[in-house]
Every structure is written in structure tokens, then in C-alpha cells.
Amino acid sequence: MKKSKILLVLSIIASIAVSCTQPANEINLSGQWEVALDSLDRGITEKWYEQTFQDKITLPGTLCDAGYGTPCTLEPVMEKEIFLNLKRKYDYVGVAWYKREITIPTDWANCNIILTLERVIWNSQVWINGKKVEGFNQSLSTPHYFDLGEYLEPGKSNILAIRIDNSKQHDISVRDLAHAYTNDTQTMWNGILGQIALTVKEKAYIQELRLTPDVDNAKVNVAVKVSSPVSGQMQLTVKSPSGKTLPAVKVQVDGKETSFEYAIKDPLLWDEFNPNIYEATATLESDNGIDSKSETFGMRKLTNNNALLQINGNRIFLRGTLECCIFPLKGYPPTDKAGWEKVFNAARDYGLNHIRFHSWCPPKAAFEVADRMGFYLQVELPLWVLTVGKDEPTMNFLYDEANRIMKEYGNHPSFCFWSLGNELQGDFTAMDKLLTNIKERDNRHLYMTTSFTFEQGHGGWPEPNDDFWVTQWTNNGWVRGQGIFDDQPAGFNMDYSASIQGLPVPLITHEIGQYSVFPNLKEIDKYTGNLMPLNFKAVAKDLEKKGRLHLAEDNLKASGKLAVILYKEEIERALKTPGFSGFQLLDLHDFPGQGTALVGIIDAFWESKGLITPEEFRRFCAPVVPLVRFAKATYMNNETFEAAFEVANFSNRAISGIQPEWSLSNPTGTVIAKGELNKQDVAIGNGFKLGNISVPLNTVTTADKLTLSVKFKGTDYQNSWDLWVYPQDIPAAGNEVFYTQSFAEAEKALQQGKKVLLNPKKEDINGLEGKFVQVFWSPVHFPNQPGTMGVLCDPSHPALAHFPTEMHSNWQWWDICKNAKTMELDGLKQNMQPIIRMVDNFYKNRNLGLVFEAKAGKGKLLVSSSDLSSQLESRPVARQLRYSLMKYMESSEFNPQEEVSFDVVRKELHNVGKVKEEKRSIYE
């Protein structure tokens, strides 16, 4: 054999001998570790990394999981501190050390060995055998990586010590509300979550495989970064969604970076209906050996043409909710797919296709599940602050964090939208510079400066660099019902077209809803993990002390049913607005922080509260929704009901031959009218008219609730709406009843033994401001609001025999509630039972009502704090309620069992009390 050939063979053998590509190239470090809490931060100077710790902990996990930290000694009492958030069983903020022995295989010598800590709060540093590993990591969004190759001794036992500091590192949050670092939702835990592993790599290994789909040209733009300069060959193979291996492409690599194109013939596109996932594997062959890296991606094209959102050329409408790192069992996010499948399955069950991660970025498993299920995600930097740009180290952290996020998660097709943070204020020039930097480096997403802002001069119109815009209002007006529903009578022919005129980019409404619901006290039993529901327990104790614990379930149902009604109208107004591109609910599920903001239709565990089934919710929140426009909720029977049907079709195709069937019926099933509309085809989009109906209401002779229903024949698409009809002519009632607005006249009549309906003028009643819409967000977070949560009554009570109602508020109650003062009844008599109760907020649990009855002196008294006298010719609901009360009072069934002194009535209810106005910003 020639000498040159011998040398070549020896060279090949040598390269194989030192190759780092092993059958087992990863060591899982999950299991038992030593742990020590370093509250005084003396560990570095005292060389704790060389010491042995007696305490043990199982990782992945947190200190709270293991029972380390300061035990919570708070009691469930009605104090603000208890209601701020769920309480950790064990609390610790500071430095903690985690330590264990590891043995490295001998064949890992001369290789890069990467330590992965999948999720950490906030700062991590590493020592090997007493020697500090260069650098530190401080990401709140991505794994912490350390290259330990030059520090570890293969074939021997090595001591790995990790120092984690979960104290605040940067100014990213107003009052620690940003959800990447907060005790309001996920808690400021100390520990390590998810993957904890050592991975062996070649000296030159692939650090990043970036895949940018180009749908128009049926290709993927591939960019690869290598850890060190190399000369070799790169091969890319791709598996199709069906698992078929597509033809490979090979390119030469010289240096640390290379870019090339990979063509995909007839690519299968990714969207919510067809979440097709490709898998790409890049393999680098060089003198250093062979290294591979795999990434998944989707062929999708996001655009914002004509101020609307499109994917792959079709319009999309985001039906979204927020995810604020709410995981009430453990107090931290799952890093496994099963945990995220629960979240996304619940969201899908309720018709959603979009989740906004408010001021945080989820772990890898969330993206993987969203990819597979076809969810459109909005990710944000860990930022909710009023001083953006004021602190240079914080800005540097944000630049680095953005780079880490795009590198770690940027290939995921579900990662569609990116905002710098929530409700940001400060230096908008600095924000624009940061956003420009991100956009220039990564064009796989659509971008926005901030998810809404209260900053003067910036909140009413998109920033110049925005690709889309999330807001509550524009310079032209509100784009969500929270600013409208309590101030205007119900009308179902409205949308937000006037408010969005001239917008240059797509609009998604910001945090619509925020309708607070009474706590579900049965939920207490679910808290078997790290967090304690002292707030729920405090409510239960307070109700029990006040003798009203039996009302808790009805309070939940009444406030929750009203919230569902309001959310329905929020969603339908958005769907009716031709220029809208979506909405973001706050929230589908409860928010346990910020003063206990129980604004969800389902609970914080993503489980039902029994308020509405997913099937019912999807009737108005789905890709295809039948809609209707009509002028108002209440009618007289001498009027004609007129309605115009339309449809929003945000499915993936035009629908041929829609045949709408409609009916108008009462609760007994009696059909007042019905019919069919013309059959027609419907394209993708909204605002498509289906036809009009006109129904005289003269056949409705008594007050009744009617339901307007529509169904597309042969499909599951259906929807319904309630309206109320009242007779124009009402028989005389109350001949035996003395009606008065005067306290003095009422007292005199009672002394004469009369039946008295006392209905004081609104301004003469000492009570709370009348509200139809319930508490905004939280009565603890926003204390200066009236604080009621809707009507609670017994529809079968004889006083309501002629007033059709459910046990909760519906749209017909708007007139009654808004033209009222809500009375506080505990001053009259402990636990007086009102005929019409107003559910009080859970922070006060007062006994509130609009109508009550009592024996007073020699007579019988019924008091209504809602105006039942003025302009009754144009207020059919008030007129009907007055008639129903009068009929009741003149009957033998009017026999109050409770007795009060009229002096007490006058003292408690007379004279006008001042009502404080609600604050609408948490910054006030």
C-alpha cells in the first residue's frame, strides 16, 4: 500500500475515534439534587459550589413543590392582601443552589457538551468541579444553555452546581404585573422546569436552523448557523406531513453561516383547518464529524392586505383569548404537551382559534401543540412597563430576549404575531427602534409595537411600524362593548364600522369582556397543589357569617349567565364589523390575580363552571356564525318586529347553497312566525346579507319573552336571540294599593293600614348607582365602582307573575337597573330577603336589592328603588314591572312575613348618597 493511502486511512480512523456522534448523545439530569437556599447571597464568596448540601429536591420542579421557603401563614379573611392573588404554600425570592454529581462517558472527550435548563426564573450560573463556567443566562422565555465541554472530565465523577436567582433582574414590569415575572398568576418560582440534560455535540455543530416559508414560490429559505467556522457539506432532508421523505439537497459550507433554498413541489399549506407540519433535518459533515439538527415548520403566508388579515390568501378572523401564565395547580406553566393540550382543547371546544400570550412567551410544548392543532399565537416580550427606553440594561436584555425567542421558536407556524408587550408607555422612539430591529431580522411574523397603550397621543391610532393593531378604541370611538353596554340601551343592529374608518392595518379588539363573575366556591377543592385559594375561602366564610352561604351558587349562576349574554354580544358585534380581523377575550377562563378577576366563562383550570356548554358557545363563536340585526330588545305588541339576517364565514372555503330557516317562538315552544330565506352562496368574509323578515307582534297578547332562531338547513350552523314583547294596553291594577314616591306619604298610609308601593325618585334614594353591566375586572383591583353583578330573582315569585324573566339579568333589565338605585338592605333587617336581589361583588357581599316587601306599622309595604313612574309610555319594561307588582299587591298572596319599622326604612333609604365613579385604568 502506498504511503499516502496509509496516511488517509489512519486519518479517517482517527476522525472516527474522536467523533462525538454517539448512539446515546444525551444524559437526562432529572431526579434528585442537593439544594440550599442562599437568602443572604453569600454562596459565591463562601464557595458553596464546593460544599455538600443536606437538603434534597426533585428536579424538574420548584422549591415550593419540595416544601422549601417561608410557609404562608395568612388566614382566609376579607382583606385586600388575601384577594390580590392565590397564595403560595411556600414563598422564596432570592438565590438557591442546586447540586449533583454527574459522570461523563469517556468517549465524550474533546466534544462540546451542552447543558440545557429548559425554563428558569431568572438568572442562572454554573460551576463544574469548583470552577465557574463562563457567563450567565437570564432568559425568561427560552432555555438556558451552557457549554461545559472544557470544564467536564470524561470518565470521572464531576460536581455540577447551579446557582439560580429568581429576584428581579430588570425593569420589565409595572408593579410586577408582567406575566413572565409575577405572583399574580404563575408565581415567582425558583427551580428548573422541563428538560434538564447534557447533550454531546461536535466541535462544530449546528446552532440554528432557520426555515422561512415562501409559499408563492413553493420553497423554503434555509439559513444555518454553525458554532464555529467549518468547511464541509450540508444536507437537508424534509419529511412531508404524511411522513414521506422528500428529495435531499446538498450544499457546501465554508464558514459559520450558509443559506440556500429548498423547493417543495405542490406544498401542503398550514392554517387552522389544515395544520400541515413538515420536518426538516440539516446534517453537517466536516472534518469535525457529523452533526444534525431537526426543526418543524409549516408552509404558510401571513399578510395584511387592505387592512385585513389573510393566511395563504384567505381572510382569517382571530377568535382569541388571553393566556396570562395561569396555572393554578402548580403556579408555573407546563412544559409537556399534555398540559398544553388541555389548554388548546378547551379553547378549541369554545370555538377559538387564537391565543395571545400576554407579556410572556410559552415554552416549546405550547408551540408544538398549537402547530398541530392550527392555532394562531400572539407572543410578547416579557414586558409591561410604563418607562420603556429609560433603562439601558433593560433595553439590552429585551434585544437579547427577542433574539433568543426568534431563534428558539421562530420556525413554528403557529407563531404568527409578535408584540413588544402589554399597554406599554415610555419612549416610543426606543420601542420603534427595537421593533424595527426584530422585523429586519425575522420576517416570519406580523408585528406590533404594543398591545394597546394609555400613553397620551399614542392610544388612538396604530404606530407607523405596526403590521396589525390591538386596541380598545380608536380616535373615532370604542371597538368593544365594555364602554357601551352599560351606557346605551340594548340594540343588535350595531357594529364598529364608524370607529375603524381609515385604519391602515388590521384591527383586533383588545381584552374585550372583563365581566366579573361571582366565585364558584366548589372550585376550592381543586386546589391540591402549590397554590391556596384563600380568597375563595374568605368569601365562603364571609357568606357563612352573614347567613348567605346558601346564595353562593345562585350568585355564580346569575352573574355568570349575564356575563355569557354580554360576551355573546361582544363577539357578534365584532363578527358583524366588515373591517375587523378579530377579538381577544379577557377572558375565556378566570384570572386569579390582580384582585381576583374571575372574568371567565370557564374557571382557571380551563374547566366548566356550568354557565354555558361549548356547543352553545360555538353557535356564536365559530368559523361560520349566523347573525342578525334588529333595533332593540323590547317591543310593544302594536309594533312590527323587523330583522336582517347575515352571516360571517371565516371557514376555509365558500359555502354553496345556504338555506336559512328562521322562527320566532315563545318559551312554551309556540311558534309566532317562521319561514325560509332565499338559498344562496356565501364567500369567505363577513357582512353577507341573507335576507330580511317583518313580523307583526299583535298576536302576542300578554308580556312574553320570544326567541328568534335561525339555522342553516342541513348543517350545524345555528344561532338565537331573545327579545321581549309587552302589551300596549294593560288592564287597571292596584286599586287597593297606595302608590307614592314620598316617604312621608308612605308612612301616613301605612299608619292607616294600607298596602303601600313606595317608589321614591332616584335622587331621593340612598343607594348605589344603578348598573346593568356587572363589575369591571375586579372589585378589589378597581374598588371605586358600584360593584353589583346583576339581578338575582325567582321567576316563579307571584310578584313577577306578569313580568317575564329568568333568574338573572337579560337585556330587558337594562331599563330597570339603569333607572334605579340599588338599596343596601342589611341596615333594615339582617338577611331581609328581597324580591329582586342585586348580586353584590364577592369583596363586600352586601344584601342588595331593587324590590323588597315587609310589614310596616299597621300596613304592608313594598319598596321599589327603580323608577316605575316616569315616561312609562316609552318604557314598556318599567310599566310592565309596575303592573306585575301592583297585581301581586292587590292579591291575597301579598302577605309579607318580615317586619320592619318605617323609621328604619326612612333612615336607611332616604337622602341621596354620593356614588363614586369607576376608575378605568389600573394606573390611576
Side-chain angles (χ1 to χ4, degrees), residues 19-28 111-116 118 142-143 145 147 194-214 219-227 230 232-251 253 256-264 267-268 270 275-286 288-300 335-337 340 362-373 404-415 442 444:
S19 172
C20 300
T21 304
Q22 304 297 329
N25 64 350
E26 182 176 291
I27 298 175
N28 185 349
C111 296
N112 287 307
I113 302 174
I114 308 301
L115 171 65
T116 300
E118 183 171 353
T142 65
Y145 296 112
D147 192 339
Q195 183 187 24
I196 310 173
L198 295 173
T199 306
V200 64
K201 289 288 186 180
E202 303 291 350
K203 280 298 182 181
Y205 65 93
I206 300 172
Q207 285 186 319
E208 181 179 2
L209 171 59
R210 179 179 294 200
L211 304 162
T212 303
D214 182 351
K219 65 181 182 181
V220 181
N221 294 312
V222 182
V224 182
K225 292 183 179 179
V226 183
S227 60
V230 66
Q233 189 176 74
M234 179 79 66
Q235 175 176 286
L236 187 80
T237 58
V238 174
K239 284 186 179 179
S240 73
S242 65
K244 179 183 178 182
T245 300
L246 304 181
V249 168
K250 295 182 179 181
V251 296
V253 180
K256 292 182 65 175
E257 298 184 13
T258 187
S259 299
F260 56 94
E261 297 175 352
Y262 183 91
I264 302 178
L268 298 174
W270 183 95
N276 293 301
I277 304 297
Y278 289 84
E279 181 180 9
T281 300
T283 301
L284 173 64
E285 297 184 39
S286 69
N288 291 297
I290 301 174
D291 184 64
S292 295
K293 186 176 181 63
S294 296
E295 292 277 355
T296 55
F297 69 98
M299 294 296 291
R300 58 116 168 103
T335 54
D336 64 319
K337 292 181 183 179
W340 286 102
K364 178 182 179 181
F367 291 98
E368 291 177 331
V369 174
D371 290 347
R372 179 168 48 82
M373 293 184 64
R404 289 187 285 258
I405 289 172
M406 70 175 71
K407 178 180 177 182
E408 197 72 29
Y409 310 122
N411 289 327
H412 291 281
S414 59
F415 186 176
D442 189 353
R444 291 171 292 185

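With Glu118 contributing its side chain and Gln195 its backbone, the two residues share a donor-acceptor pair below 3.5 Å. Under the 3.5 Å distance criterion, the side-chain polar atoms of Asn112 are matched with a main-chain donor or acceptor of Glu202. Side-chain N or O atoms of Arg300 include one that pairs as donor or acceptor with a backbone N or O of Pro413 at under 3.5 Å. Remark: side-chain polar atoms of Ser227 are paired, donor with acceptor, to backbone N or O of Lys203 under 3.5 angstrom. Asn28 places no side-chain N or O within donor-acceptor distance of the main-chain N or O of Ala197, the cut-off being under 3.5 Å.
To the nearest 0.5 Å, atoms OG (Ser292) and CG (Leu284) are separated by 8.5 Å. In this structure, Arg372 CZ and His412 NE2 are separated by 13.0 Å, a value rounded to the nearest 0.5 Å. Distance check, rounded to the nearest 0.5 Å: CD of Glu368 to CG of Asp336 gives 11.0 Å. Here CD1 of Ile277 is found 11.0 Å from CG of Leu268. Values are rounded to the nearest 0.5 Å. Between Lys364 atom NZ and Asp371 atom CG the span is 10.5 Å, to the nearest 0.5 Å. Interatomic distance, CG of Asn288 versus NZ of Lys201, reported as 13.5 Å (0.5 Å rounding).
With a 4.5 Å cut-off on side-chain heavy atoms, Pro143 and Glu408 count as touching. The shortest distance between side-chain heavy atoms of Leu236 and Val222 falls below 4.5 Å. Counting only heavy atoms from C-beta outward, the side chains of Tyr262 and Asn221 never approach each other to under 4.5 Å. Taking the side chain as every heavy atom from C-beta outward, Val220 and Ile264 approach each other to under 4.5 Å. A 4.5 Å side-chain heavy-atom check between Val230 and Val253 finds at least one atom pair inside the cut-off. Contact of the Asp291 side chain with the Thr283 side chain is not registered, since no non-hydrogen atoms from C-beta on lie closer than 4.5 Å.
When the side-chain contact (heavy atoms from CB on, under 4.5 Å) test is applied to Pro213, the partners found at least two apart in sequence or on another chain are Met299. Partners of Glu261 according to the salt bridge (charged side-chain N to carboxylate O under 4.0 Å, His left out) rule, which considers only residues two or more places apart in sequence or in another chain, are Lys219. Scanning for ring-ring contact (aromatic ring centres under 6.0 Å, His included) contacts around Phe260 gives an empty result, with sequence neighbours left out. Not counting sequence neighbours, the partners of Phe415 by the ring-ring contact (aromatic ring centres under 6.0 Å, His included) test are Phe367, Trp418, His445. Contacts of Arg210 classified as salt bridge (charged side-chain N to carboxylate O under 4.0 Å, His left out), with partners at least two apart in sequence or in another chain: Glu208.
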Run the side-chain donor-acceptor check on residues 241-251: report pairs under 3.5 Å with partners two or more places apart or on a different chain.
from	atom 1	to	atom 2	distance (Å)
Ser242	OG	Ser240	OG	2.9

Trace of the side chain to side chain contact (heavy atoms under 4.5 Å, CB included) decision for Glu279 with Val238: CA-CA 6 Å; Glu279 181 180 9; Val238 174; over 6 Å; no

Requested in this report: Please report the C-alpha distance between Arg444 and Asn411 in whole Å, then the side-chain angles of each, then the deciding distance to 0.1 Å, and finally whether the side chain to side chain donor-acceptor pair (under 3.5 Å) criterion is met.
Outcome: CA-CA 8 Å; Arg444 291 171 292 185; Asn411 289 327; 2.6 Å; yes

> Can you list the steps and then say if Thr116 with Ile196 is a side chain to side chain contact (heavy atoms under 4.5 Å, CB included)?
Replying inline: CA-CA 5 Å; Thr116 300; Ile196 310 173; over 6 Å; no

Next item on the list: Show your reasoning for whether side chain to side chain contact (heavy atoms under 4.5 Å, CB included) applies to Ile114 and Tyr205.
Entry: CA-CA 11 Å; Ile114 308 301; Tyr205 65 93; 3.5 Å; yes

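Side-chain polar atoms of Glu295 and Tyr278 form no donor-acceptor pair below 3.5 angstrom.
Across all their heavy atoms, Trp270 and Ala370 have their closest contact at CZ2-O, 4.1 Å. Of all heavy-atom pairs between Ala365 and Thr335, the closest is CB-O, 3.4 Å. In this structure, Leu211 and Phe297 approach most closely via the heavy-atom pair CD1-CD2, 3.5 Å. Listed here is the closest heavy atom pair of Val200 and Cys111: CG2-CB, 3.6 Å.
A side chain to side chain contact (heavy atoms under 4.5 Å, CB included) with Leu209 holds for exactly one of Lys225, Lys293, Met234; it is Lys293.
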